[in-house]
Structure formats: structure tokens, C-alpha cells
Amino acid sequence: LSSFKKEVYPPLYYRSNDKNLGFDQNLVNAVKMASSKYVWPLGDRRRLLPNSVKRVYSILGKNDLDLLALSVAQYYATSVHNKRYTSARDVFLELFSNVGTLSFSISPTKAWMPEILENYIGTGWVHFAAIFEFLAGLKAIDIMSIGWPSIASSGKSGWTRNLDRKSTRLNS
């Protein structure tokens, strides 16, 4: 966090919970604390690449977007490229993995509607629900994808197989 204090324009704040709230509730609570127009939830295995914050601020300062989809360094060759979207269908088909993965998209704070998200607490997918429920409720969308890599992964996935329940879930 200290390395980003030099790059981030508004002050960067850090807060820790007294007890483990679980992945979903922690995300919802973090967004509730936000006072900005947009939120960019970052997982602990994600690493922002140099100048990513400045570039994102520049784009969001010039555009009133419903979503900004980011490119991932490891998948740059097959990742999203600079493009504007006005079709929810095209977003779903072309950006599904970016939009549905924590840290790969920046959404308006208002997308995180507590009355809807409470239905997703405990699923490990509250971030996915926030974005797609929000987009589904819009009559028209304005989404931008950016082609330059802005994030890198710095660890193993949190996905594991729960053999007792024979389902896949996210460890938090």
C-alpha cells in the first residue's frame, strides 16, 4: 500500500476488520466505505502494474462509464483490447471473464446495491452479481475495455474443490 500512496491522487486508506467477515461481506462493506464514483476491488493476489492507476484516473476523468474492463498481463495476447461497448450481449460474450473476475473491472459505486447483493452473500460471487445485476438494470450501457495490461497475478488461485459437497467454491 505504501508504494501506491505516491501514485494515487486521492488519499489511500487502509482498514482491517476485527473478525473475518468472509469474502462477499468484506467486499460489500469495503464498497460501502467508498466515497468515490467508482470502485476497483482488488484481490490480495493481484498486482497493479506501473502507471495503471494514473491511466485509469485519466480514462474515468474523461468518460462517464458504466464499467471499465481491464486487461490482464498474463493473458494480454488474448485479453480485451481498446473498445467501446453499448450492447450488454457483446459485453457478456466478449468480456465475460474480465468482468466476472475480481480486480479486472472498475464499476460505479452505485452498482453495488445492498438490497440485491444480500442474496449473493456466501456464494463467492458477490462481485460478479454486483456488475451483472447493475448492467441488466440499465436501458443503455457505455462500457470501455482497455487493451494495455494493468494487472498481474501474483499467486495461486483461491479456487478449490470441496469434495464433501462436490462443488467448487472460493476459499476466503
Side-chain angles (χ1 to χ4, degrees), residues 1 4 12-49 52-53 56 60 65-76 78-80 85 88-138 141 143-146 149-172:
L1 289 175
F4 282 106
L12 180 65
Y13 298 101
Y14 172 80
R15 179 174 173 229
S16 179
N17 298 314
D18 293 333
K19 66 176 189 168
N20 185 348
L21 303 175
F23 176 75
D24 294 323
Q25 191 64 56
N26 189 54
L27 278 176
V28 171
N29 286 359
V31 172
K32 284 181 185 177
M33 290 187 292
S35 61
S36 58
K37 182 176 179 178
Y38 295 97
V39 292
W40 187 358
L42 295 170
D44 61 351
R45 294 178 304 103
R46 302 295 179 222
R47 180 174 47 86
L48 295 178
L49 298 177
S52 293
V53 174
V56 164
L60 294 177
L65 299 173
D66 296 313
L67 189 75
L68 179 62
L70 306 173
S71 187
V72 184
Q74 286 90 327
Y75 311 108
Y76 181 59
T78 59
S79 193
V80 298
Y85 293 84
R89 180 183 182 280
D90 290 345
V91 169
F92 190 79
L93 292 174
E94 295 179 25
L95 300 177
F96 179 83
S97 64
N98 293 69
V99 173
T101 304
L102 182 68
S103 308
F104 298 175
S105 60
I106 300 171
S107 61
T109 306
K110 67 183 179 183
W112 291 71
M113 302 169 277
E115 66 278 4
I116 291 175
L117 296 181
E118 66 186 33
N119 297 320
Y120 296 93
I121 300 295
T123 65
W125 291 98
V126 74
H127 58 290
F128 184 87
I131 291 170
F132 282 106
E133 290 277 4
F134 172 67
L135 295 177
L138 298 177
I141 62 168
I143 295 174
M144 182 184 288
S145 64
I146 52 176
S150 53
I151 299 174
S153 185
S154 62
K156 290 185 178 181
S157 173
W159 286 98
T160 61
R161 184 81 173 157
N162 180 338
L163 298 177
D164 295 333
R165 293 179 59 210
K166 298 198 189 283
S167 64
T168 305
R169 67 184 178 98
L170 183 65
N171 287 333
S172 42

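These figures come from a predicted structure and were not determined experimentally.
Inter-residue side-chain proximity for Leu70 and Ile106 is flagged as met; some heavy-atom pair is nearer than 4.5 Å. Side-chain atoms of Pro41 and Phe104, non-hydrogen and from C-beta on, never get closer than 4.5 Å to each other. Contact of the Val28 side chain with the Ile121 side chain is registered, since non-hydrogen atoms from C-beta on lie closer than 4.5 Å. Counting only heavy atoms from C-beta outward, the side chains of Phe134 and Met113 approach each other to under 4.5 Å. Side-chain contact between Thr109 and Ser36 is present, with heavy atoms from C-beta onward closer than 4.5 Å. Side-chain contact between Leu49 and Arg47 is present, with heavy atoms from C-beta onward closer than 4.5 Å.
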side-chain contact (heavy atoms from CB on, under 4.5 Å) assessment of Val31 paired with Leu27: CA-CA 6 Å; Val31 172; Leu27 278 176; 5.6 Å; no
Assess whether side-chain contact (heavy atoms from CB on, under 4.5 Å) is satisfied between Asn29 and Gln25, documenting all intermediate values. CA-CA 6 Å; Asn29 286 359; Gln25 191 64 56; 2.9 Å; yes
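Applying side-chain contact (heavy atoms from CB on, under 4.5 Å) to Tyr38 and the options Leu67, Leu65, Leu68 leaves one that passes, Leu65.
Between the CG atom in Asn20 and the CG atom in Asn26 there is a gap of 7.5 Å [rounded to 0.5 Å]. Taken from CZ in Phe128 to CD in Glu133, the straight-line distance is 10.0 Å, to the nearest 0.5 Å. For the atom pair NE2 of His127 and CH2 of Trp112, the computed distance is 7.5 Å after rounding to the nearest 0.5 Å. Note that CG of Leu95 is 9.0 Å distant from CG of Asp90, once rounded to the nearest 0.5 Å.
Residues Ala88 and Ile141 come closest through the heavy atom pair N-CD1, 3.3 Å. Residue Ile131 comes nearest to Ser105 through the heavy atom pair CD1-OG, 3.1 Å, listed as atom of the first residue, atom of the second, then distance.
Proximity of a side-chain donor or acceptor of Asp24 to a complementary backbone N or O of Gly124 within less than 3.5 Å is detected. The backbone N or O of Ser150 sits less than 3.5 Å from a side-chain atom of Ser52, completing a donor-acceptor pair.
Between Trp40 and Ser103, the side chains place no donor N or O within less than 3.5 Å of an acceptor N or O (distance only, hydrogens not considered).
Atom NZ of Lys37 has more than 12 neighbouring heavy atoms from other residues, nucleotides or ligands inside a 6.0 Å radius.
For Phe132 and Phe92, the ring centers sit closer than 6.0 Å to each other.
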